[in-house]
4 protein chains.
Amino acid sequence: MQRRSVDTVEVILHAAGRLLVAQGYARTSTNQIARVAGVSVGSLYQYFANKEAVFRELVRRHHEEVHALVEAHLREFADARRDPVEAIDRLLRKLIELHERNPRLMRAFARELGALRDQRPGPRAADREAVGVVEQLIRLRDDVHAEDPAATAWLLVVLVSRVSESLVHEAPLDLDSEPLLAQVRRVVAFLFGYPGKSSYSQ
Amino acid sequence: MQRRSVDTVEVILHAAGRLLVAQGYARTSTNQIARVAGVSVGSLYQYFANKEAVFRELVRRHHEEVHALVEAHLREFADARRDPVEAIDRLLRKLIELHERNPRLMRAFARELGALRDQRPGPRAADREAVGVVEQLIRLRDDVHAEDPAATAWLLVVLVSRVSESLVHEAPLDLDSEPLLAQVRRVVAFLFGYPGKSSYSQ
Amino acid sequence: MQRRSVDTVEVILHAAGRLLVAQGYARTSTNQIARVAGVSVGSLYQYFANKEAVFRELVRRHHEEVHALVEAHLREFADARRDPVEAIDRLLRKLIELHERNPRLMRAFARELGALRDQRPGPRAADREAVGVVEQLIRLRDDVHAEDPAATAWLLVVLVSRVSESLVHEAPLDLDSEPLLAQVRRVVAFLFGYPGKSSYSQ
Amino acid sequence: MQRRSVDTVEVILHAAGRLLVAQGYARTSTNQIARVAGVSVGSLYQYFANKEAVFRELVRRHHEEVHALVEAHLREFADARRDPVEAIDRLLRKLIELHERNPRLMRAFARELGALRDQRPGPRAADREAVGVVEQLIRLRDDVHAEDPAATAWLLVVLVSRVSESLVHEAPLDLDSEPLLAQVRRVVAFLFGYPGKSSYSQ
DNA sequence: GATGAATGAGAATTCATTCAT
DNA sequence: CATGAATGAATTCTCATTCAT
């Protein structure tokens with residue numbers, strides 16, 4: 001029984017994701033989701049309060065993953081023995097990897113579920129939280145010399161979150177991602193006062 | 001006659017914008033838009049093929065404004081006698097100004113109209129175009145020494161477009177925008193090989 | 001001025017006919033008729049009380065033509081010096097000719113305007129009237145020996161009106177119309193007690 | 001479950017038929033049909049793709065009945081031991097009987113649903129098919145001497161189908177149907193080369 | 001008379017949600 | 001718990017008709 005409910009929720013979310021990608025939020029009906037999932041609408045409403053809740057759960061799970069990733073890398077970033085620029089670079093790569101596991105779904109999240117996004121705790125809220133944490137970390141690390149830790153933290157968060165999105169969403173751009181990542185790395189190093197590391201001036 | 005039609009379109013778009021902000025795309029009906037606009041639904045459908053078309057036009061107009069702004073500042077950026085970092089900074093400020101004229105509407109655009117945004121030529125396409133132009137400009141300016149013009153152009157565009165959005169959308173962040181802009185300026189200068197200009201290391 | 005109004009009515013009816021054939025009654029709007037006719041909707045309503053009236057006039061004109069044809073041939077049929085079977089045959093050919101001038105429109109009349117058809121005087125009423133007239137004529141002619149004049153008249157009218165329709169509407173039937181007309185002729189002759197004329201028994 | 005669906009379809013069709021007779025196709029809305037049927041509009045759309053489909057099913061069922069009748073009598077007509085004229089007469093009477101079960105509905109079919117009628121396989125297609133079958137049967141029977149089997153078959157089909165319609169639709173004609181049927185019988189006998197059977201000349 | 005923008009009642013259709021089985 | 005038929009409020013959109021210019 002326990003098993004069954006877990007499966008039901010799973011197939012519903014899977015179907016919802018596929019339909020979201022294929023037709024968007026508005027065009028996807030709960031009956032449709034249930035049909036594709038191979039369960040009855042009734043079952044859908046057993047586990048989800050309404051249509052929105054289905055998609056909210058879908059997004060929530062994604063955010064959870066992102067959050068875990070960010071947290072792990074911020075721990076690395078906090079570790080004085082490790083290179084902070086590397087930590088950011090690695091986080092960025094992990095985020096891109098995450099997006100690339102299902103880019104069409106990630107794009108659909110951004111495109112279709114903007115209206116759901118603003119619920120707390122959403123990504124904006126997450127960003128906000130991250131800015132605070134990063135600022136503290138910057139202040140704690142002796143080797144990071146940011147002029148304005150608060151502004152630097154903010155820019156860093158914006159950079160990482162938006163760059164990872166852009167790198168995936170604008171994939172068709174005929175640019176290789178490696179040089180772009182290198183560029184971001186340089187900027188991060190610059191922000192951290194590591195001018196010598198990979199700057200063009202060297 | 002001419003006058004009437006123009007007015008009708010205008011009041012419809014105005015009403016659509018207000019309702020978008022107040023209740024979102026999904027909850028806004030065409031009858032409602034018409035009522036708020038003070039015209040009949042029939043008139044709405046005289047000028048717009050369907051509900052989506054109304055909001056598409058709203059977004060189109062916004063994009064047009066952004067496009068004009070970007071174009072003007074890229075011309076300034078192309079002018080060798082003017083400081084390129086200043087040009088970017090001014091563009092950023094203008095974009096923020098634009099957003100701040102009606103931040104709630106701008107936020108609604110991002111939140112609610114993601115699905116419309118992807119039409120060609122949308123902002124993504126615009127970004128793509130901008131990257132190409134900026135790359136050329138970087139190559140042309142003798143005083144700009146970017147290591148990898150293509151990657152630099154891409155990062156610059158992502159930075160400007162996403163930072164301006166973030167600055168407005170996350171306004172509640174208890175940060176003053178001036179330090180954030182200064183930070184962005186520093187990064188831009190760095191990207192352009194102007195390390196001495198406003199770097200913290202000076 | 002007089003001229004203009006006549007023309008306006010004419011172009012409207014022409015457009016209505018074309019649209020009726022192309023899309024049917026329901027799918028044809030008055031605005032569309034006006035556009036195709038090259039006049040304004042307002043003008044349409046200057047000359048026709050409503051949408052239905054336009055099509056009623058179209059049908060009325062057709063009925064008028066049919067009526068004139070029938071009347072002329074009934075006069076011929078009434079002329080004792082002329083062969084009554086020939087008269088019927090000629091009428092039939094004339095009706096077919098009429099239908100063939102615009103078979104698609106004729107078919108559309110039958111298909112789409114059934115609901116208008118029942119207005120008096122419609123074809124049914126016309127049939128009724130014709131039956132009475134034909135019955136009298138049969139009684140008057142000495143050379144016509146119909147067993148039951150009333151029933152014969154009825155059958156004759158049904159035969160002529162339905163056969164002419166069928167011959168045109170089912171044109172794709174891979175039958176030549178000449179043999180079919182010959183067959184009808186034989187039946188008419190039989191009904192008139194002209195068994196020797198073209199019967200197979202001769 | 002099975003039971004419910006069948007009932008729902010049935011009451012919808014019943015209501016549609018009644019409304020068709022009472023107000024015609026155009027004036028009948030799906031909401032109205034549902035209300036009269038005592039079900040919700042949603043249920044109507046669960047079983048029918050759209051308004052037209054409801055009426056198409058209504059007509060289809062009628063055609064099915066007619067088709068069954070015709071088929072049964074053609075089998076009789078094919079039986080060499082039975083009188084072919086009688087077979088036609090009986091078919092005609094059965095068709096009239098069928099029409100008279102609900103003449104107003106039959107009339108409404110003709111008047112209002114002409115546009116639906118033309119779908120394949122419609123009555124015209126059915127007529128076409130019948131002509132071919134009848135022609136074969138005429139050729140097979142030794143006792144039927146038709147001069148031109150193809151033309152005879154065609155005329156026979158037109159006669160039977162149109163006469164049965166006319167007899168019902170023009171019922172108000174102050175004629176008794178018995179003499180009319182006798183007249184048709186005579187014509188059929190004549191077409192089959194049975195001149196002595198019931199001809200007035202005997 | 002002509003025009004065509006404006007009207008708005010009304011129609012078709014959808015779909016989230018319920019609930020009897 | 002599962003099912004899926006039934007619901008009906010709500011929405012989009014059409015189009016015959018009017019009337020100010």
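The chains referred to below are lettered A, B, ... by the order of the sequence lines, with proteins before strands, and numbering in each begins at 1.
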Closest non-hydrogen atom pair, K51(D) against T28(D):
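Closest approach of K51(D) to T28(D): NZ-O, 2.8 Å.
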So which atom in L105(C) and which in V21(C) form the shortest heavy-atom distance, rounded to 0.1 Å?
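Heavy atoms of L105(C) and V21(C) come nearest at CA-CG2, 3.5 Å.
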Both G42(D) and V41(A) contact DNA chain F. Taking the nearest nucleotide for each, which residue is further toward the 5' end?
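The residue whose closest nucleotide sits nearer the 5' end is V41(A).
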So, is [X] close to the [N] phosphate, meaning a side-chain N or O under 4.0 Å from OP1 or OP2?
{"X": "T30(C)", "N": "dC15(F)", "value": "no"}
{"X": "Y47(C)", "N": "dA2(E)", "value": "yes"}
{"X": "S40(C)", "N": "dT3(E)", "value": "yes"}
{"X": "S43(A)", "N": "dT3(F)", "value": "yes"}
{"X": "Y45(B)", "N": "dT14(F)", "value": "no"}

Specify the separation, in whole Å, of atom [atom1] of [X] and atom [atom2] of [N].
{"X": "R27(C)", "N": "dA16(F)", "atom1": "CZ", "atom2": "P", "value": "13 Å"}
{"X": "L44(D)", "N": "dA11(E)", "atom1": "CG", "atom2": "C1'", "value": "13 Å"}
{"X": "R35(A)", "N": "dT3(F)", "atom1": "CZ", "atom2": "C1'", "value": "14 Å"}
{"X": "N31(B)", "N": "dA6(E)", "atom1": "CG", "atom2": "P", "value": "17 Å"}
{"X": "E10(B)", "N": "dA6(E)", "atom1": "CD", "atom2": "P", "value": "13 Å"}
{"X": "F48(D)", "N": "dA12(E)", "atom1": "CZ", "atom2": "P", "value": "15 Å"}
{"X": "L19(C)", "N": "dA16(F)", "atom1": "CG", "atom2": "C1'", "value": "15 Å"}
{"X": "I33(C)", "N": "dC15(F)", "atom1": "CD1", "atom2": "C1'", "value": "11 Å"}

If you look at every strand shown and take non-hydrogen atoms under 4.0 Å, does N50(C) touch a base, only sugar-phosphate, or nothing?
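N50(C): backbone/sugar contact only, no base atoms under 4.0 Å.
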If you check the Q46(A) side chain, which of dT13(E), dA16(E), dA2(F) turns out closest?
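It is dA2(F).
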S29(C) side chain, from C-beta outward: closest of dT12(F), dA16(F), dA16(E)
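Of the candidates, dA16(F) comes closest.
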Give a yes or no on whether R61(C) atom CZ has more than 12 heavy-atom contacts from other residues, nucleotides or ligands under 6.0 Å away.
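Correct, the count exceeds 12.
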Any side-chain heavy atom of M106(C) sitting closer than 4.5 Å to one from H62(C)?
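Yes, close enough: below the 4.5 Å cut-off.
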In terms of ring plane angle, is the pair F55(C) and Y25(C) parallel, tilted or perpendicular, where the classes change at 30° and 60°?
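F55(C) and Y25(C): perpendicular rings.
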